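Taking it in order: structure first as structure tokens, then the write-up.
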Amino acid sequence: MRKTVYFIPGDGIGPEVWAASRPVLDAAAAKSYGNGRSFDWRELLAGEKALAECGELLPEATLEALRGAELAIKGPLSTPVGKGFRSLNVTLRQTLDLYACIRPVRHLKGTPSPVRRPDAVDMVIFRENTEDVYAGIEYEAGGAEAKKLLAFLRDELGARVDMDAAVGIKPMSEKGSKRLIRRAARHALRHKLPALTLMHKGNIMKFTEGGFRRWGYEVMEEEEFAPFVFKEDTAPAPAAGKLAINDVIADALFQSVLLQPERFSVIAAPNLNGDYISDALAAQVGGLGLAPGVNMSDRLAFFEATHGTAPGLAGRDAANPTSLLLSGVLMLEHLGWLEAAGLIRRALDAVMAAGTVTPDLAAQMPGAASTGCRAFGELLLRQVDRLG
């Protein structure tokens, strides 16, 4: 069995972390299945390489290939702040309807953490990926579009607004919220996880984030879920074999995941909240350099490193490939190639325990030796060969 996987190396450190990760994925599959299972890698252009080779950041040929794909993986793509082109990541998510950003967060033994109990963090974040403020509906302060929209809000709807303000729109729909929450609930039930938490700021944004909360509870009343779910505040103790549903206001959740991380297993969140909480949780287990992720539609699973392009590190062989590699592990698990996924996880644990790590980790691990991105990948390859 050969699975076709489209890949985009990415910008900045992207090509380096991809070059370190891809051989490990191939080796794990070969060690686990011989010639029975392997990957057919096909490169697509996006970002700076696409601009240099064909004059555009996201060629239509790339989008066309991805529209028909089932699997893809990519490194980070650059996005300027406050000017220039819109985020390629957001464009890909919206164009391909990658509505669910799924980020599992758990501690790798031996890696540094700023909290006392990183081992208690074991959660999966389901972030809605196409709506909220990321819809990209915003207008510059003083511009004609902003003034027109602000005048409508003031004159037609009676809103109190500063006519010199920048303005953005926050669309959140019942359809978009419910399909994300259904996916989170199915994951929790399939993996026999104890709780699903709806993260929201519905006490202030009553119709958008409050709607997200309300629609989440409505999903739990559907025939698919009702027999297996109970509302946490209606039962004196967790019901055996059932999923507890609860909701937590966003700012309170940031505190709770620090103080009582064991309370949470699956979190479903609107786009902006989900972005914040997944990165904050990644910090609790060692940082974005160790955090995998996948963006999914009903057809395409698009795995990606969750960190940025780190242009200051590009070309210095100092990047950490673990985020992209673990995203590849998620792809193996998605395929059901559990032996190969487990092999890489064991290899990673062994390398971390031996204490030779990339510079970002070595700086936080007393006694650790620092090695480059390429050499770190080679260490992993040797462990895959030894353990396989």
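Just so it is clear, the values below take in all heavy atoms, side chains as well, and ignore hydrogens, waters and symmetry mates. Here the structure is a predicted model, which is why all the values come from computation and not from measurement.
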- Trace of the side chain to side chain donor-acceptor pair (under 3.5 Å) decision for Y99 with R183: CA-CA 10 Å; Y99 65 85; R183 192 158 207 151; 3.0 Å; yes
- Message: Grouping I, L, V, M, F, W and Y whenever their side-chain heavy atoms are under 4.5 Å apart, do V17 and L45 come out in a common cluster?
- Response: no
- Task: Indicate yes or no: does R374 engage D317 in a salt bridge with an N to O separation below 4.0 Å.
- Result: yes
Which side-chain N or O atoms in residues 185-193 pair as donor and acceptor under 3.5 Å with protein atoms at least two apart or in another chain?
from	atom 1	to	atom 2	distance (Å)
R186	NE	E224	OE2	2.6
R186	NH2	E224	OE1	2.9

- Message: Using 30° and 60° as the class boundaries, would you call the ring planes of Y33 and W337 parallel, tilted or perpendicular?
- Response: perpendicular
- Smallest separation among heavy atoms of L198 and G216, with atom names: CD1-CA, 3.9 Å
- Check whether any side-chain heavy atom of R42 lies under 4.5 Å from a side-chain heavy atom of V5, and answer yes or no. no
- Message: Just so I know, are the side chains of S278 and V105 near enough to count as touching, which here means a heavy-atom distance under 4.5 Å?
- Response: no
- Task: Can you spot which of E209, E138, E128 makes a salt bridge (Lys or Arg N to Asp or Glu O under 4.0 Å) with K170?
- Result: E209
- Task: Sort out for me which residue in R214, K201, R213 forms a salt bridge (Lys or Arg N to Asp or Glu O under 4.0 Å) with D247.
- Result: R213
- Query: Which is it for K231 and E221 under the salt bridge (charged side-chain N to carboxylate O under 4.0 Å, His left out) test, yes or no, and what are the steps along the way?
  - Reply: CA-CA 10 Å; K231 193 172 180 181; E221 294 173 359; over 6 Å; no
- Item | side-chain contact (heavy atoms from CB on, under 4.5 Å), paired with F302, selected from L71, I73, I8, N89 | I8
- Does NZ or CZ of R127 fall inside the cone over Y134's six-membered ring, less than 6.0 Å from its centre and within 45° of the axis? yes
- When rounded to the nearest 0.5 Å, the distance separating CG of D385 from CG of L380 is 12.5 Å
